[in-house]
Amino acid sequence: MSSSFGKGSHLHLIDGSAFIFRAYHALPPLTRKSDGLPIGAVSGFCNMIYRYVEDNAGPDAPTHVAVIFDKGSHTFRNDLYDLYKANRDEMPEDLRPQIPLTRRATEAFNIACKEMENYEADDIIATLACQARDAGGRVTIISSDKDLMQLVGDGVEMLDAMKNRRIDRDGVFEKFGVWPDQVVDVQALAGDSVDNVPGAPGIGVKTAALLINEFGSLEDLLDRADEIKQPKRRQTLIDKREQIELSKRLVQLDCDTPLDFTLDDLEVRDPDPEALMPFLAEMEFRTLTKRIADKLGVEPPVIEDTPAPEPEDSAEEIAFDPANYVCVRDTETLDAWIAQIRERGYVAVDTETTGLNEMTAGLVGISLAVEPGHACYVPLAHRDGAADDLFGSDALAEGQMAMEDALALLKPVLEDDAILKIGQNIKYDAKIFRRHGVDVAPIDDTMLLSYAMYGGLHGHGMDALSERYLSHTPIPIKPLLGSGKSAITFDKVGIDEATAYAAEDADITLRLWQTFKPRLHREKVTTVYETLERPLVPVLAEMEMHGIKVDREVLSRMSNAFAQKMAGLEAEIHELAGEEFNVGSPKQLGEILFDKMSLPGGKRGKTGAYSTPADVLEDLATEHELPGRVLDWRQLSKLKSTYTDALQTHINGDTGRVHTSYSITGANTGRLASTDPNLQNIPVRTDEGRRIREAFVAEPGNVLVSLDYSQIELRILAHIAGIDALKQAFSDGLDIHAMTASEMFDVPLDEMTPEVRRRAKAINFGVIYGISGFGLARNLRIPRGEAQGFIDRYFERFPGIRAYMDDTIAFAKENGYVQTLFGRRIHTPEINAKGPHAGFAKRAAINAPIQGTAADVIRRAMVRMPAAIDGLPARMLLQVHDELLFEVAEDAVDDTIAAARAVMEGAADPAVKLDVDLVADAGQGANWAEAH
DNA sequence: GACATCACG
DNA sequence: GACGTACGTGATGTCC
């Protein structure tokens, strides 16, 4: 039976994606009975595969067959042309979770299933077809995709499975008016709106075929374009030559895709009932299971007819019991666990380390869980506490695998495309592993699943999720590590205790995943999770690990200067106060100001102490010299303690760079939060503060490049609330605050004063924040009635805002959440509360879709950015809500800006068509102060 | 550990 | 008619 591919062989290549989409659109949205998982497309796909197998059992049966899939949406063609396929709609919500199931279905039918990163299915098909043809065999491509027609000829044919019609050279000529080897030339001219291939404007397939037939080839046509009689057509071909040549490169299939398999691997295999039956039963395809069981002559498996209990109930079935957890101390045991992981195809992973900072913490142990209650801990670097040991207390404890050996065994699993690694905040563990040379992928994250489904309802830490969704209180870490001065690191914890704690974490993570994963599509946030949460993990991990260079000398010098100035101010302040006191103590300051000096306006906070925030001191500055001095002192104190001093302690000894950590679930709206250190609040608003940014520098030969969205929230407001005047102003490129001022206060644009503009700007921001008369009055320091007048006028001049606010609050009250343009849900549990809470909740509800949509937009840009700047000597370093900061080799600055800007400005596409353009402004310089 | 303050978008 | 209010964050220092 086994012989190598050659003359007499017949290869069938099935366009898997076409099957999936046809199945999806042909069938109603079926769901699996037991848990509601959408399986309509999988069902249709299986039926089509089965019918295919049935239909091809005859004398003309293929000897080799493969189903080819697309992998990911980014391919090398996007590097040629970033708008390639850019107008494709995103995958329907309920189709997305079915995609991996169609791979499993193919394998269950024992048919080779192939896909490749960075290449389209069409390229793999082309390569295989060329190889088979060259080997003297026949090829049938089962697809009706016209892009594949260029391959027809010399024993290669297409089969339109739908119409059961074979397409040979004549068929291609019928469709394109040229022979297959000229199809790409026609396509290059005609373009393709579906794939967004530009082509030559005004030239369709008919004209293109005419021209190609006349000139023989695209190259001759373009070289001799001046011979064309029609002036417009001639001009188009001359002007758009580059675009046409690009189009050809886009439609030309790659016959040299570097495949990691050969034709011989595709030999037809008989279905294996042992694999196929369990899969069909798992999908609960009753009819198909029975039909195929009959055909194969096996007993059909029993498919339960009762809906499964709710996941909440099932997750509790197996009790948590530390006695079940295994401590893995040798290779044989670890191998056994790895075998189980490979069998399942997924594993929950957790790392234990000596600290919370992924860049400095040492790996202590790894825990794994494969099913509820079935978890293990692999201790790797636990240390004895024995003080009289010859090596001090640093000796490794007995009975641990060598870290190197354990990682060598786990690396292939952690990096295996076919094994899903599940974590709770897996970015942390992925970074730890990365420092040991292991790239963890693909991943799922229970924290992100929770955030996508329940953002705004509760926190997403493991303890909280375990309590809430598993009704289980995890073993607390406190008793193990102690607290305060006597606290120890995890490597000093005894291995038995550590096993109970660590394995349980993996166990909990696995159970949370089993609880959450099936709910994702029911909550209709699969796309949010798949496009805005999960893909961000590797992107952020990369940025964080790369870090940004910070010049310690610059900070140190500034710190000294600040200290001197502060000392001077402190002496002055004490002099003015007539006594020495702690200027940093608001309590003491309040007593000096309001009791001793009897200045007006002393208000007490909730602790009974006087309140002395900046705006109060600013008002008092007209009465006395002291408050002004205190304000100066406070500014310096802030800059010194939070920035020039603290930042130095965050410079990593190994890298000389500062590595922040982004929290994906930190902000309710979808924004990121930056910690340890927070690099999203580095000063910029005052000249003195901005100088801190001079310490953020590029490596020699590089520059920092910053791109930030211009007025993104106001643009989104204009779109969401449908404010025509705002949209128009943006499209005209006007100064948006000046335009608002002009509209509101009837001042012509050319007579605008900074003061009037400032007021309008405050109102614009106020609207985004869920404006109130009181808030605006305080911000602008004007009487409340006047502020209310501004707001009323604003609503009058920009109708749409009011409706947006009312509708948003009504929606929140009705549904308990609001959502962004990309479907992110932000829950608003307080929206129906009584009392002052309600006001907060309403304003937050008004703000969330705007801030959240902006956050989604930059997330989309970040996810696409690595591919867009791939090949350029450029790295993305930081995100500051509407800004991305890059470090770029000097000679690649322009290319990087162009690529990054295209990604940022197009980030909403194709999911959302905004009425307002997004604009990103760019800057560059040796340091962040210059770049911003 | 709560609170006040202030840095950013 | 009175609530007390701009939205979203994180870090630091004081004070109990």
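Protein chains get the first letters and strands the later ones, always in sequence-line order, with residue 1 at the start of each. Quantities reported herein were computed from a predicted structural model and do not represent experimental measurements. Atom set for the values below is all heavy atoms of this structure, side chains included, hydrogens, waters and symmetry mates excluded.
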Does a nitrogen or oxygen in the side chain of [X] sit under 4.0 Å from OP1 or OP2 of [N]?
X	N	result
Arg778(A)	dA6(C)	yes
Arg671(A)	dT9(C)	no
Thr669(A)	dG9(B)	no
Thr607(A)	dA4(B)	yes

Give [X] one of three labels, base, sugar-phosphate or nothing, depending on what nucleic acid heavy atoms sit under 4.0 Å from its own.
X	result
Leu776(A)	base
Ala762(A)	base
Ala848(A)	nothing
Phe840(A)	sugar-phosphate
Arg784(A)	base
Leu672(A)	nothing
Gly584(A)	sugar-phosphate
Ser637(A)	nothing
Glu883(A)	nothing
Asp708(A)	nothing

Starting at atom [atom1] of [X], determine the distance to atom [atom2] of [N], rounded to an integer number of angstrom.
X	N	atom1	atom2	answer
Asn681(A)	dA11(C)	CG	P	8 Å
Leu631(A)	dA4(B)	CG	P	18 Å
Lys834(A)	dT5(C)	NZ	P	19 Å
Lys842(A)	dG4(C)	NZ	P	15 Å
Arg843(A)	dC3(C)	CZ	C1'	12 Å
Asp882(A)	dT9(C)	CG	P	16 Å
Trp633(A)	dG13(C)	CH2	C1'	9 Å
Asn582(A)	dT5(B)	CG	P	14 Å

Of the listed nucleotides [options], the one nearest the side chain of [X]:
X	options	value
Ile771(A)	dG8(C), dG13(C), dA6(C)	dA6(C)
Tyr643(A)	dT5(C), dA7(B), dT9(C)	dA7(B)
Lys638(A)	dC6(B), dT9(C), dA4(B)	dC6(B)
Val684(A)	dT5(C), dC6(B), dC8(B)	dC8(B)
Thr612(A)	dG10(C), dA4(B), dT5(B)	dT5(B)
Gln588(A)	dC7(C), dA11(C), dC15(C)	dC15(C)
Asn668(A)	dT9(C), dT5(C), dA6(C)	dT9(C)
His932(A)	dG10(C), dT5(B), dG9(B)	dG9(B)
Ser585(A)	dT14(C), dA6(C), dT12(C)	dT14(C)
Tyr769(A)	dA6(C), dG8(C), dA11(C)	dA6(C)

task = Could you tell me which nucleotide pairs with dT14(C) by Watson-Crick or G-U wobble geometry, both distances under 3.5 Å, or answer none if nothing does?
result =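 WC or wobble partner is dA2(B).
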
What about [X], does its side chain sit under 3.5 Å from the base of [N] through a donor-acceptor pair?
X	N	answer
Ser772(A)	dT5(C)	yes
Lys587(A)	dC15(C)	no
Arg685(A)	dG9(B)	yes

inquiry  = Can you check the distance between dC3(B) and dT5(C), where both ends of the measurement are the P atom (answer in whole Å)?
reply    =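 Their P atoms lie roughly 14 Å apart.
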
Pairwise P distance for dA4(B) and dA6(C), with rounding to whole Å =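 After rounding to an integer number of Å, I get 13 Å for this pair.
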
request  = For residues Ser611(A) and Arg604(A), determine if any side-chain heavy atom of one lies less than 4.5 Å from a side-chain heavy atom of the other.
outcome  =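 They are not in contact (no side-chain heavy atoms under 4.5 Å apart), so the answer is no.
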
query = So do the side chains of Asn764(A) and Tyr794(A) get within less than 4.5 Å of each other, counting heavy atoms only?
reply =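 A side-chain contact exists here, since the closest heavy-atom pair is under 4.5 Å.
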
request  = Please report the closest heavy-atom contact between Val684(A) and Arg690(A), naming both atoms and the distance.
outcome  =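 Smallest heavy-atom distance, with atoms named: O-NH1, 2.8 Å.
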
message = If only side-chain N and O atoms count, and only distance matters, is there a donor-acceptor pair under 3.5 Å linking His574(A) with Glu579(A)?
response =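 There is no such pair (donor and acceptor under 3.5 Å, judged by atom type) between the side chains of Glu579(A) and His574(A).
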
inquiry  = Any carboxylate oxygen within less than 4.0 angstrom of a Lys/Arg side-chain nitrogen, looking at Lys596(A) and Glu591(A)?
reply    =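 Not counted as a salt bridge, because no side-chain N and carboxylate O are separated by less than 4.0 Å.
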
query = Would Arg781(A) and Asp619(A) pass as an ion pair if we require N to O under 4.0 Å?
reply =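 Salt bridge: yes.
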
ask   = salt bridge (Lys or Arg N to Asp or Glu O under 4.0 Å) between Arg557(A) and Glu694(A): does it pass, once the steps are laid out?
value = CA-CA 12 Å; Arg557(A) 275 200 301 274; Glu694(A) 294 173 8; over 6 Å; no

inquiry  = Could you walk me through whether Tyr529(A) and Tyr451(A) satisfy the ring-ring contact (aromatic ring centres under 6.0 Å, His included) test, starting with their C-alpha distance in whole Å, then the side-chain angles of each, then the deciding distance to 0.1 Å, before giving a yes or no?
reply    = CA-CA 9 Å; Tyr529(A) 177 73; Tyr451(A) 185 60; over 10 Å; no

